[in-house]
Amino acid sequence: MPIAERRLILKYADQPGYTPDIECYLKHGGYSVLKKALATEPATLKDEVKKSQLRGRGGAGFSCGLKWSFIDPAKNTKPVYLICNADESEPGTFKDRQIIHKDPHQLLEGMIISCFANNVHLAYIYIRGEFPTGAKILEQALAEARAKNFLGKNILGSGYDLDIFIHRGAGAYICGEETGLIESLEGKRPYPRIKPPYFPAVLGLYMCPTIVNNVETLCNVKHVIEMGGEAYAKIGKPNNTGTRILCVSGDVERPGYYEFEVGGLTLGQLIHEVCGGVKGGRKLKAVIPGGSSSKVLRADKRFKIKAKNAAGEMEEKELGLEDIPLDFDSLAAVGSMAGSGGVIVMDETRDMVEVLANISEFYAHESCGQCTPCREGVLWMKKLLHRINAGHCTTADVGVLNSVADNIAGRTICAFGEAASWPVQSFLANFRPDFEARAEKVRAA
Amino acid sequence: MIESVPALPQDFLAQVDETVSHYPVSKRSAALPLLHLWQERFGFISQEAIDWIAARLELQPIHILELVTFYPMFRQRPFGKFHIRVCRTLSCALGGSYQTFAHFKKLTGATGDEHGPIDSPDGRFTVEFVECLASCGTPPVVMINNDFYEKVDANKVEELVRRCGE
Ligand SMILES: Cc1cc2nc3c(=O)[nH]c(=O)nc-3n(C[C@H](O)[C@H](O)[C@H](O)COP(=O)(O)O)c2cc1C
Ligand code: SF4
Ligand code: FES
């Protein structure tokens with residue numbers, strides 16, 4: 001029996017006849033939650049989001065309610081901005097595209113509610129440049145929402161004004177990093193800012209308090225307000241609430257996007273029951289569970305995690321890869337992360353050296369170049385990996401590769417440094433003999 | 001400087017004004033959108049474009065040039081009529097995108113490096129290996145100009161190139 005999806009965000013997206021225009025959205029009850037929200041105190045809305053325990057879907061899994069609480073209307077005199085992060089560029093991730101193309105008004109409704117809750121009067125959707133169709137669909141949706149006064153001046157007679165505009169990126173992954181994104185939106189190169197002091201909540205867009213949230217996170221806000229924070233928190237597990245869209249790619253029979261309660265299934269259930277198993281009936285070799293920046297998990301490894309048992313006591317458990325529940329805390333406990341929800345599956349025929357060389361090529365191409373360890377290190381890792389892959393190497397090169405990665409992580413302005421190092425460190429930790437064998441083979445020849 | 005640019009079409013100027021109005025706090029924010037507008041209309045970012053956009057936003061030309069040289073989507077030379085982007089990144093590579101890229105190069109006659117745009121000898125095509133296009137479940141993923149294609153295997157490559165010829 002395949003596990004049933006629980007579609008909250010993608011409820012209508014793939015229903016036959018469901019279209020992205022506002023009439024269709026209104027027919028399905030659209031913008032009724034906005035009406036309810038406009039009649040509620042902003043502080044109450046923020047409180048509901050806090051109670052929901054909603055965590056960000058963009059990568060870091062940070063608490064949405066906590067992020068919003070950094071913006072304190074009592075202390076704040078500057079304008080507050082909100083930016084929807086629709087840069088979707090983490091390799092393996094393809095969910096925001098679906099929302100934008102198929103249900104853009106759900107995003108707008110979530111966004112307008114979030115803006116109202118945080119006293120925002122000007123907001124932007126930062127969409128990656130390679131989504132020209134998505135940008136058009138959103139432009140159209142914004143125009144429709146304005147025409148119906150869900151946006152603009154005095155929204156639905158509430159006295160609340162809000163404008164939202166689309167801002168297109170131009171092909172740089174680093175614009176997904178929230179402070180790089182802000183620089184980009186200011187018309188500059190997207191060089192991430194150093195934190196502290198430039199936390200977006202304090203010194204964000206135009207040096208004003210700014211909230212940056214992912215597309216899927218903002219859609220979730222709509223559902224939190226619709227059902228109430230406590231009811232929302234009952235979906236999933238404590239601290240891992242709501243639903244999550246998982247994007248599965250690589251060696252499975254049925255790749256695609258699927259929505260489940262957070263932690264509602266294990267990695268094994270996802271691969272075998274939902275996605276029809278490993279391609280061609282082959283054996284599983286490894287899984288990258290949360291976008292290419294997350295650490296790879298090896299199929300035949302045993303993982304020790306601490307979890308609460310039925311009596312509520314902490315207990316150490318040993319799990320196989322396929323038993324890992326797909327929630328934020330479990331994936332962190334096994335040494336990786338839920339990240340952006342991009343699950344990349346590799347079967348036994350895959351060459352781990354080649355796979356890592358491919359991943360490193362991405363990071364070498366995308367470093368913004370501000371920090372020396374990152375700028376020089378990612379290129380170095382790429383070159384080493386191509387050399388190892390081609391067999392022009394010695395076993396010492398494998399050690400050098402590891403030490404380059406170790407010397408980037410933790411020494412850079414933004415988390416891209418980790419994003420580039422974690423794959424290298426984890427592939428070497430799990431598959432080092434594969435890399436060394438390449439060198440040995442050449443020496444023997 | 002701004003006077004030396006040939007008269008720009010009225011509708012373009014209106015689009016520029018509309019775009020700038022989206023950034024009431026800082027005109028500089030309109031730099032990327034204006035570069036997009038210019039490139040979509042005139043094909044590439046010329047020195048004229050850089051000077052004109054800088055003047056329109058009351059910036060120095062270097063503030064625009066530094067964007068053009070950083071962001072991969074902006075180009076300082078004309079591209080072929082068909083800009084073919086093939087995703088290079090892991091999920092697409094597992095799904096055969098290196099073969100797809102090679103096939104596009106073979107059929108268009110473009111030769112060259114893995115990263116960066118390369119032209120076919122007749123100048124009609126510009127082929128480019130790019131990073132993840134956010135549709136990793138349907139590899140290999142390809143964009144031709146603004147249109148998007150999934151599961152582009154060898155047969156589909158042939159069909160797409162043929163269609164460009166029509
Ligand atoms: C290198 C890098 C790339 C990122 N790319 C994205 C992205 O494409 N989309 C996204 O939503 N968040 C991305 N993030 C995370 C954002 O910085 C930020 O945490 C997120 O947008 C916050 O939204 P959330 O709290 O709703 O998840 C990236 C972070 C890093 C370090
Ligand atoms: S870590 Fe890399 S991407 Fe991030 S700011 Fe430094 S150089 Fe740029
Ligand atoms: S890896 Fe090709 S679209 Fe993501």
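Residue numbers begin at 1 in each chain, while the letters A, B, ... track the order of the sequences.
The contact between A:V248 and chain B is made entirely by backbone atoms, counting heavy-atom distances below 4.5 Å. Within the 4.5 angstrom heavy-atom criterion, no atom of A:C208 approaches chain B. Both the backbone and the side chain of B:R88 come within less than 4.5 Å of a heavy atom in chain A. When heavy atoms are compared at a cutoff of 4.5 Å, B:F129 does not approach chain A at all. When heavy atoms are compared at a cutoff of 4.5 Å, A:V252 does not approach chain B at all. The contact between A:I344 and chain B is made entirely by side chain atoms (from C-beta outward), counting heavy-atom distances below 4.5 Å. For A:K188, the parts sitting under 4.5 Å from any heavy atom of chain B are the backbone and the side chain alike. With a 4.5 Å cut-off on non-hydrogen atoms, B:H22 touches chain A through its backbone and its side chain both.
Residues A:R168 and B:E40 are paired through a salt bridge, judged by an N-O separation under 4.0 Å between the basic side chain and the carboxylate.
In this structure, A:R97 satisfies the cation-pi test against B:F148, with its NZ or CZ atom closer than 6.0 Å to the six-membered ring centre and inside 45 degrees of the ring normal.
A 4.5 Å side-chain heavy-atom check between A:P91 and B:L90 finds every atom pair outside the cut-off. Looking at B:S26 and A:E186, their side chains never come closer than 4.5 Å, going by heavy atoms from C-beta outward. Side chains of A:F94 and B:C132 form no contact here, defined as non-hydrogen atoms less than 4.5 Å apart. Residues B:C136 and A:T93 form no side-chain contact, since every pair of their non-hydrogen atoms from C-beta on lies 4.5 Å or further apart.
Aromatic ring centres of B:Y23 and A:Y124: separated by under 6.0 Å.
Highest contact tally toward chain B, considering only A:S292, A:S89, A:G92, is held by A:G92 [criterion: heavy-atom pairs under 4.5 Å]. When the candidates A:P255, A:G256, A:C175, A:G171 are compared by the number of heavy-atom contacts under 4.5 Å with chain B, A:G171 comes out ahead. Your options are A:P190, A:C247, A:G342, and the one with the most heavy-atom pairs under 4.5 Å with chain B is A:P190.
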